[in-house]
Structure formats: C-alpha cells, structure tokens
Protein chains: 2
Amino acid sequence: MLNDKSLATAPDCADCPIRHRAVCARCETDELERLEEIKYYRKFEAGQTVIWSGDRMDFVGSVVSGIASLTQTMEDGRTQMVGLLLPSDFVGRPGRSTAAYDVVATTDLVMCCFRKTPFEEMMVRTPHIAQRLLEMTLDELDAAREWMLVLGRKTAREKIASLLSIIARRDATLKTGKLEGALVFDLPLTREAMADYLGLTLETVSRQMSALKKDGVIQLEGKRHVTIPDMARLMDEAGDDADGGILA
Amino acid sequence: MLNDKSLATAPDCADCPIRHRAVCARCETDELERLEEIKYYRKFEAGQTVIWSGDRMDFVGSVVSGIASLTQTMEDGRTQMVGLLLPSDFVGRPGRSTAAYDVVATTDLVMCCFRKTPFEEMMVRTPHIAQRLLEMTLDELDAAREWMLVLGRKTAREKIASLLSIIARRDATLKTGKLEGALVFDLPLTREAMADYLGLTLETVSRQMSALKKDGVIQLEGKRHVTIPDMARLMDEAGDDADGGILA
DNA sequence: CGTAGCATTGATATCTGTCAAGCGTTGTGG
DNA sequence: CCACAACGCTTGACAGATATCAATGCTACG
C-alpha cells in the first residue's frame, strides 16, 4: 500500500497549520511530544483512494491540507457523498477496526496519521483529546443534519446554491475573514462530485449551474472559477435565512 | 412551560430501564448519586413539542421511553426530520445554550433531564460521561450518514423499505433479540411523520405502503400494525445488502 | 350524528433522470 | 507537430418518478 512517494516527513506539531483546530488542539507540550512519536504524514494525489469501505484501518488522522470526501456506494453503483473533509477534520473512528466509508482524495491531500492503537491508549489517558474529538464530532453531526435537509427537501437549484454558499463562506472566512463584497473562489469539486454530494445527476448539476449563471446569481470563468457578486442573493436562492445562516 | 402534569417523580437510577445504554451507562455508584441530584423527569404527550429550535435550553437529557423526533423547518414550511430519538438517546448539546432543532414527542414520551450547567461541570470531572457521549455521538453520526444515502439516492419504494427495516430491526432486538421468522410491530409514526423523515410527501408514502402490501412484502392490519413475513425480502427492497445490513 | 384527524386513491403537472450528441482542453503517441 | 483519444462539461429530447391538487373513506370521539 504505502510507497515511497506517499510517505513524507512530518514537520513539528508546533509548526502545524492545523495545530489549533484539529483533534490535538488542546494538547500540551508533553502530549504533543507523545503524539509526535506515533504520527506520520501521508500524501495522496487528487483522485486517489485513501481507504476503501470495509478495509482494515490501522490509523486515524487529520486532514492537513487538501480535501477528501467520504462516500457510500450501493451495490448497483449509486453513490452518495456523506462528508467533505477539510483541513483539520478527523478521519477514522477510535474503537472501530474497519472503515465504514470510502475515503477519496478530492484534491491533492496531505494527512497526519496516528497509529490507531497507541492513539486509543492516549485518548483514555488524555481527556483533552476525547473532549476535543467530542466537540468535533458534534459539529460534524450538525453538519450532517443540515445536509439531510438539503438532500431531503431542497430543489436542484437550491441544492446547488447551498453547496456554493457553503464553499464560498468557508473560503471567505479562511482568506479574508469577512463576507462582504463579491466573493471569488475555485470550485474544488468536479460536476460529478457535486452531483454525488447533492444527490443529483451531473447533467442536472450542469444545467442548474448554467441557470444560476444566466440569472446572474453566479459568474463563471472556465468551469471552476466562480464569482459570487451578491452573497445574500445566493443564500436566498439556497432557501436559507439570509441572516447568519447555518447554525448561526 | 412546566406544569404539574409534565413533571414526574424520577425513580432511582438503579432501577432505570436505560441505565446501561444511556449517557450514564458507565457511571459508578457515587457518580450516579451525583446525577440523581441534578436530574428530574418530564413527561410529554404524543404531539407535544419538547423544545423549539432557537429556544434557550437549560437542560440536556435522555429519552427514557417513547419516541421523539428532531426536525428542521424551512421558512416556507418544508420540514425534514433529521433524527429519531429512541429510549437511551441523548438530547441537547453540552456547550450550546439554544436548541438547534425542534424536538417533538412522536409518541407519549418520558425524559430524564439533567440541569445543564451542573451536567457540564460533571462532564469535565467525569471522563466516563464524556467518553460515553462520544461513543453515542459517533453512532448518531453514522446513522445520519446512512440516512444521507437514503435521502439522496434511494427511490420512494426503497426509502419506505429502509424505514420499515430499521424500525423492525430495532423492535425485534428489543423484544426477542433475534431476527428470525415473521416480525410484527406497530408503526410509531404517522404517514406524515414518515414523509418528513424520508423526504417524501405523505401521498407518496401512502401509495408505496399500498404497493409493498400488494406485493406481499408487508402485511397491514389497520394503518399501523405491520407484519414482515420475510425480513430478507424487505432488506432487499431497501437496496441494502441482505447480510447484516447497516454497519455490520 | 356530525366532525376532526388520518389515510387512501385518482388525475394531472412538474421536476429530475436517462440517453445521446457534441464541445473544448489536455496530453500523448505516431 | 499534428491527430486523436480521453476527460470534463454542456445541451437537447424525451421518459419516468414524485409532487400537487382534489375527492373520498375510515375511525374515534364528542
């Protein structure tokens, strides 16, 4: 499985870009030293599969950079993305030995992995880690439930607008920290990946993107470069309250 | 809010039916004593709202008996159920002061509530509780993701079969502990509640129930009393692997 | 007996999926 | 260097699933 290129030297936790947001956020110096001992980096190229559902999984870890997706597939090939993993998000489940979902690198991806058994031992001894993981899991549960509303009740147009608004908001808060004026970003997902996330076909995604463009809700340069001239308008199209939005 | 009828004397934790499955599952005697001090029971009749989304929430708690639902509602009235709370399931989120969803009693309901602030203090001091809550939250996250596949990719018929199979399985494991032979149970949900859970209209639910009945997948006496002659057949209709099923 | 709530069924409309053709870019091998 | 294949995407025509609107049935209950 592992080859030379997939392994990479792991930098010090002190220099880590996700140091204060990941599962290790609340660890003290000595705890970080212990984590350093059981961690290793792995890199994946866009499109590579990190792990297959059902496979034995002897690590857990955090996304350091890039985006990964969690997907489920039915026997006849229908697939549904059930999670989008961004930097600092956690992969794997302590106490479970096999993967419950396919994990795929959507973009080039760097992960900080911990050997599972020592990590589990450390969790028992280090309440910080379990507490932080609980917080993160509760956030993910909220996001999953938010997404259930999107999947169950929104129209195709609203679904697209919801996805764009989530990506735009995350991107804006990372880059500038504010949501004013026009927002510009690159879509990290193919039309097919968008369809898998939204429970649509890629044709419907394409049509609705075109429709939103025609109506001036978004501007497109090429396939991926998106400009949102009016965020409130987009959120209105998404069917969300324009003020604050999700979990405000 | 609270009236005479809604409050009820709480029995000893030692006699509690959900003692070994709820958030308190791993507590020791002295910890239970502390919990006894901050707990109180509340009863709700079918249809009553336990709490409205956005309301201040000064308790967390466990479902002791009955079923509650978590729902989200859009401005125009579209609603999506995002969780079904069964006995031992946990309600509320430590560290958050307002409810994120509407919580409604689907059947008559008894809840064991803990005052939020003392419970949070206790969580910090009692790793058992945080660990158990983490486990339960991870299970809920898995269930939510499983449901995303149902909402995003399954047909109306498969959705109904999925819901029936979940209820049947839970009911069977509670009553007899095995899944053999014909399964019989009462639906705890109205057609409308089923529709809200499945992202369908109540008419479509009704039609698909009739179709499954006509095809012999289920038998119906009255509106709610269901017999599953062949569980494997039902799971096949649900589009799940017949062996083991969800998270096997 | 009449009403209210829940459920069923029918007719029709609409949205999204399916199938198919074609475009533009990228990369590769002759 | 060019031709061509591969890939991601767009667009069109059509079909099919589910929603919508409407009428009716069934129970329980006052």
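Every chain is numbered from 1 and lettered A, B, ... according to where its sequence line falls, protein lines coming before strand lines.
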For [X] and [N], what is the distance between atoms [atom1] and [atom2] respectively, to the nearest whole Å?
| X | N | atom1 | atom2 | result |
| --- | --- | --- | --- | --- |
| A/Glu158 | C/dC15 | CD | P | 12 Å |
| B/Glu192 | D/dT20 | CD | C1' | 15 Å |
| A/Met194 | C/dG17 | CE | P | 13 Å |
| A/Ile160 | C/dT16 | CD1 | C1' | 12 Å |
| A/Arg224 | C/dT26 | CZ | C1' | 14 Å |
| A/Leu198 | C/dC15 | CG | P | 18 Å |

**Prompt:** For B/Arg78, which contact category applies under a 4.0 Å heavy-atom criterion: base, sugar-phosphate, or nothing?
**Reply:**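 Nothing, no nucleic acid heavy atom in range.
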Mind listing the N/O atom pairs, protein and nucleotides 10-19 of chain D, below 3.5 Å?
from, atom 1, to, atom 2, distance (Å)
D/dT10, OP1, A/Arg191, NH2, 3.1
D/dT10, OP2, A/Arg191, NE, 2.7
D/dT10, OP2, A/Ser206, OG, 2.6
D/dT10, O5', A/Ser206, OG, 3.0
D/dT11, OP2, A/Ser210, OG, 2.6
D/dG12, N7, A/Arg207, NH1, 2.8
D/dG12, O6, A/Arg207, NH2, 3.2
D/dA13, N6, A/Arg207, NH2, 3.4
D/dT18, OP1, B/Ala156, N, 2.8
D/dA19, OP2, B/Thr201, N, 3.4
D/dA19, OP2, B/Thr201, OG1, 3.2
D/dA19, OP2, B/Thr204, OG1, 2.4

**Of all pairs that satisfy ring pair (Phe, Tyr, Trp, His ring centres under 6.0 Å), the ones with a partner from residues 195-220 of chain A, not counting sequence neighbours** =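 Every pair satisfying ring pair (Phe, Tyr, Trp, His ring centres under 6.0 Å) with a residue in residues 195-220 of chain A: A/Trp147-A/Tyr197.
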**Request:** For the pair A/Lys154 and A/Asp240, find out whether any cationic side-chain nitrogen is under 4.0 Å from an anionic carboxylate oxygen.
**Result:**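 Yes.
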**Residue list, side-chain contact (heavy atoms from CB on, under 4.5 Å) with B/Thr137, at least two apart or on another chain** =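 side-chain contact (heavy atoms from CB on, under 4.5 Å) list for B/Thr137, sorted by chain: A/Leu134, A/Thr137, A/Leu138, A/Leu141, B/Leu133.
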**Request:** Sort and list the pairs that fulfil salt bridge (charged side-chain N to carboxylate O under 4.0 Å, His left out) and have at least one residue in residues 98-107 of chain A, not counting sequence neighbours.
**Result:**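 Of all non-adjacent pairs touching residues 98-107 of chain A, none passes salt bridge (charged side-chain N to carboxylate O under 4.0 Å, His left out).
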**All pairs passing side chain to side chain donor-acceptor pair (under 3.5 Å) where residues 221-232 of chain A contributes a residue, at least two apart** =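 For residues 221-232 of chain A, and leaving out neighbouring residues, the side chain to side chain donor-acceptor pair (under 3.5 Å) pairs sorted by first residue read A/Asp186-A/His225.
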**Message:** Tell me every residue that passes salt bridge (charged side-chain N to carboxylate O under 4.0 Å, His left out) with B/Glu203, counting only those two or more places apart in sequence or in another chain.
**Reply:**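 Once residues adjacent in sequence are excluded, B/Glu203 has no partner under the salt bridge (charged side-chain N to carboxylate O under 4.0 Å, His left out) criterion.
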